[in-house]
Amino acid sequence: MTRKFTGDTLVVATHNNGKLEEIASLIRPFSVSVKGAAELNLAEPDETETTFVGNARIKAHAAAQATGLPSLSDDSGIEIDALDGAPGVYTADWAETPNGRDFVMAMTKANDLLDQRGAAHPRTARFCCTLVMAWPDGHDEVFPGIMPGQVVWPMRGNQGHGYDPIFQPDGYDITFGEMDRWEKNKISHRAYAFRKLVAGCFE
């Protein structure tokens, strides 16, 4: 039996404003106050695991312990089949520069590696999201979501964030980067994980 969320404040363990806005919009119908990690001056814990669920657990439990409140974290990324599942949990790391994250650089790297390998088209990939809801007593619930698709080049669209301009979800002829962000939020890997979270913890 999944543990239900019974409080009135939920910590979202992310310093990413785009992610925070997405999650806040999805949680709004439940009259829950959402606080981001930056707003609460929470440190970003080191993500030392090699799986989405492992890193999501680190973030959720760190926030729950620091605040004494139920905390939700998300670890997500893109897995490209012809790159043996890379970048995977290192999706954001590929964008790191001394001056912040550069996702154009990261997307270019992915395409260059695919070209070097002579990867056939369609270049299948999937966006993965794992949501973890953790409580201060150490309990947690895990909700994974996947959106299959393919990576395309050149980049298309300036909506969304991260690798969205090179990811075309199955069943669509546009990329996440070309899709209205609220439309994308209804069908994305995060939306799928979120439906499981809502069914498990909020309804």
- Interatomic distance, Thr67 atom OG1 to Leu42 atom CG [nearest 0.5 angstrom]: 6.5 Å

- Could you tell me the separation between the CE atom of Met155 and the CH2 atom of Trp153, rounded to the nearest 0.5 Å? 3.5 Å

- Task: Test side chain to side chain contact (heavy atoms under 4.5 Å, CB included) on Phe202 and Val32 and set out the steps.
- Result: CA-CA 10 Å; Phe202 287 90; Val32 173; 4.1 Å; yes

Would you mind checking if [Y] and [X] are paired as a salt bridge, meaning a charged N to carboxylate O distance below 4.0 Å?
X	Y	answer
Asp74	Lys59	no
Asp115	Arg123	yes
Asp84	Arg117	yes

Heavy-atom closest contact ([X] atom, [Y] atom, distance):
X	Y	result
Ser25	Pro29	O-CD, 3.8 Å
Cys129	His189	CB-CD2, 3.5 Å
Gln65	Trp135	NE2-O, 4.4 Å

- Item | Result of checking Val132, Val142, Leu131, Val89 against Phe52 for side-chain contact (heavy atoms from CB on, under 4.5 Å) | Val89

- Task: For Leu26 and Leu197, run side chain to side chain contact (heavy atoms under 4.5 Å, CB included): C-alpha distance rounded to whole Å, both residues' side-chain angles, the deciding distance at 0.1 Å, then the answer.
- Result: CA-CA 11 Å; Leu26 291 163; Leu197 167 77; over 6 Å; no

Closer than 3.5 angstrom, by distance alone: can the side chain of [X] be matched with the main-chain N or O of [Y] as a donor-acceptor pair?
X	Y	result
Ser73	Ala56	yes
Ser71	Ala13	no
Asp137	His139	yes

- Message: Once salt bridge (Lys or Arg N to Asp or Glu O under 4.0 Å) is applied, do any residues pair with Asp8, and if so which ones, sequence neighbours excluded?
- Response: none

Would you check if [X] and [Y] make a side-chain contact, meaning some heavy-atom pair closer than 4.5 Å?
X	Y	result
Gln168	Pro122	no
Lys19	Arg190	yes
Glu96	Arg101	yes
Met179	Pro169	yes

- Task: Please report the C-alpha distance between Ile80 and Leu114 in whole Å, then the side-chain angles of each, then the deciding distance to 0.1 Å, and finally whether the side chain to side chain contact (heavy atoms under 4.5 Å, CB included) criterion is met.
- Result: CA-CA 9 Å; Ile80 302 171; Leu114 286 164; 3.8 Å; yes

- Counting only heavy atoms not in Tyr192, do more than 12 sit closer than 6.0 Å to its OH atom? no

- Query: Can His121 and Gln150 be said to form a side chain to side chain contact (heavy atoms under 4.5 Å, CB included), step by step?
  - Reply: CA-CA 9 Å; His121 293 272; Gln150 59 180 295; 5.7 Å; no

- Starting from the C-alpha separation in whole Å, work towards a yes-or-no answer on salt bridge (Lys or Arg N to Asp or Glu O under 4.0 Å) for Asp75 and Arg57. CA-CA 9 Å; Asp75 201 55; Arg57 275 197 162 116; over 6 Å; no

- Item | Aromatic Phe176 / basic Lys184 pairing, under 6.0 angstrom, 45° off normal | yes

